[in-house]
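Notes for the one structure printed next.
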Amino acid sequence: ILLMPIGLAASAWTRVARPVVSQIWASRQRDALIKFIKQSFFSIQLLIISYVFMLWISFPWLVQYVLSEKYLNIDDLVLLWGLYFSVFCSRLLATVAVAGTGDFKTLFYQGLISLIALLVVTVVLIPFLKAAGTIVALIVVEFLGLMYYIFFRWPTLRKKFEEVPLDLV
C-alpha cells in the first residue's frame, strides 16, 4: 500500500502520454518524440527514486507508529519494490511509445511472452528467495520486456518512422 502512489503516478502518466506520443508520431517529429521519451523517463525515475528513498528512510518510524512490529524486517523488500517500479515504469514508457504508433500486435506478443516468462521465472525463484523471489521475478520479466522493446522493437519503429514520407501525414 505504501508504494501505491508510484503505480498511480505511472497510470496517470500513461493517460497523458498516449495521446501525446500518437500526435508526435503522426506529425513525424522524431526529435520531439525522443525528447518526450527522455524527459518522461528521467521525470518518472526521479519521482520513484525520491519516493522510495523517503519511504526507506522513514521506514523505522512507519513501523513504530503506523505499521506493526511484524513489518520490522521488510525494508529490503521496500527497496526491491522500488527497483521493480523503476524497471516497470521504464518498460511502461516503452509500451506507451509502441502503443502510440498503433503497433498493437507487438504489444500482444510482448504481453504473452512476458506472461510465460513470469510463470517460469517465478517457479524457479520463489523456492530459493521466498517473498523476495516474487519481486525479483517481476523485475526480471519487466527488464526482459524492456530489452525486447529497446533492442528489437525500437530499431524497427525507427526505420518505419524514417521510411514514411512526410507528405503522407
Side-chain angles (χ1 to χ4, degrees), residues 1-18 20-21 34-100 103-104 106-155 157:
I1 292 176
L2 294 173
L3 291 165
M4 199 57 141
I6 296 173
L8 290 172
S11 178
W13 174 83
T14 62
R15 302 270 191 285
V16 172
R18 276 191 192 115
V20 172
V21 169
I34 291 169
K35 180 180 177 183
F36 180 77
I37 290 171
K38 284 181 181 179
Q39 286 176 339
S40 295
F41 173 80
F42 288 115
S43 299
I44 290 171
Q45 294 303 320
L46 180 63
L47 173 75
I48 292 168
I49 291 167
S50 301
Y51 184 79
V52 170
F53 180 73
M54 289 187 324
L55 186 61
W56 186 63
I57 292 295
S58 64
F59 201 74
W61 181 87
L62 287 168
V63 167
Q64 184 176 358
Y65 295 107
V66 179
L67 305 170
S68 67
E69 293 294 319
K70 68 180 181 181
Y71 295 103
L72 187 60
N73 297 320
I74 67 162
D75 51 341
D76 291 340
L77 292 180
V78 170
L79 293 177
L80 271 176
W81 275 114
L83 179 60
Y84 163 74
F85 276 111
S86 179
V87 176
F88 165 77
C89 287
S90 299
R91 198 262 319 140
L92 183 64
L93 173 63
T95 299
V96 168
V98 171
D103 190 6
F104 300 107
T106 292
L107 295 175
F108 170 75
Y109 287 121
Q110 192 276 330
L112 184 63
I113 291 167
S114 291
L115 175 63
I116 294 166
L118 181 61
L119 293 172
V120 171
V121 173
T122 302
V123 167
V124 170
L125 289 180
I126 288 179
F128 298 107
L129 300 175
K130 308 293 184 236
T134 305
I135 304 168
V136 171
L138 289 169
I139 293 168
V140 167
V141 170
E142 292 293 348
F143 183 76
L144 291 173
L146 178 62
M147 292 301 102
Y148 168 75
Y149 285 130
I150 290 173
F151 292 111
F152 296 105
R153 199 63 207 132
W154 187 250
L157 289 175

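Both backbone and side-chain heavy atoms feed into the values below; hydrogens, waters and symmetry mates do not.
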Sorted by first residue and then second, give each salt bridge (Lys or Arg N to Asp or Glu O under 4.0 Å) pair with at least one member in [range]; sequence neighbours left out.
{"range": "residues 38-47", "result": "none"}
{"range": "residues 47-61", "result": "none"}
{"range": "residues 44-66", "result": "none"}

For Thr14, all residues meeting side chain to side chain contact (heavy atoms under 4.5 Å, CB included), sequence neighbours excluded =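 With sequence neighbours excluded, Thr14 shows a side chain to side chain contact (heavy atoms under 4.5 Å, CB included) to Arg18, Leu92, Val96, given in chain and number order.
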Taking only residues two or more places apart in sequence, or in another chain, which ones meet Ile113 in a side chain to side chain contact (heavy atoms under 4.5 Å, CB included)?
-> none
As an exercise, state the distance from [atom1] of [X] to [atom2] of [Y], rounded to the nearest 0.5 Å.
{"X": "Leu93", "Y": "Phe42", "atom1": "CG", "atom2": "CZ", "answer": "10.5 Å"}
{"X": "Phe41", "Y": "Leu46", "atom1": "CZ", "atom2": "CG", "answer": "11.0 Å"}
{"X": "Leu80", "Y": "Thr134", "atom1": "CG", "atom2": "OG1", "answer": "10.5 Å"}
{"X": "Ser86", "Y": "Ile6", "atom1": "OG", "atom2": "CD1", "answer": "9.0 Å"}

Tell me which donor-acceptor pairs under 3.5 Å the side chains of residues 142-150 have, and how far apart each pair is, sequence neighbours excluded?
from	atom 1	to	atom 2	distance (Å)
Glu142	OE1	Arg91	NE	2.5
Glu142	OE1	Arg91	NH2	3.2
Tyr149	OH	Thr95	OG1	3.4
Tyr149	OH	Gln110	OE1	3.4

Please name the pair of heavy atoms, one in [X] and one in [Y], separated by the smallest distance, quoted to 0.1 Å.
{"X": "Ala9", "Y": "Leu47", "answer": "CB-CD2, 3.7 Å"}
{"X": "Ile48", "Y": "Gly82", "answer": "CG2-O, 3.8 Å"}
{"X": "Leu107", "Y": "Ala99", "answer": "CD1-CB, 3.7 Å"}

Using distance only, find each side-chain donor-acceptor pair of residues 118-132 under 3.5 Å and give its atom names and separation, not counting sequence neighbours.
from	atom 1	to	atom 2	distance (Å)
Thr122	OG1	Leu118	O	2.6
Lys130	NZ	Pro127	O	3.1

Those residues that, when tested against Phe104, pass ring-ring contact (aromatic ring centres under 6.0 Å, His included) (two or more places apart) = none
For atom CH2 of Trp56, is the number of surrounding heavy atoms from other residues, nucleotides or ligands below 6.0 Å larger than 12?
-> no
Output every pair passing ring pair (Phe, Tyr, Trp, His ring centres under 6.0 Å) with a member in residues 77-99, not counting sequence neighbours, ordered by first then second residue.
-> Trp81-Tyr84, Tyr84-Phe88
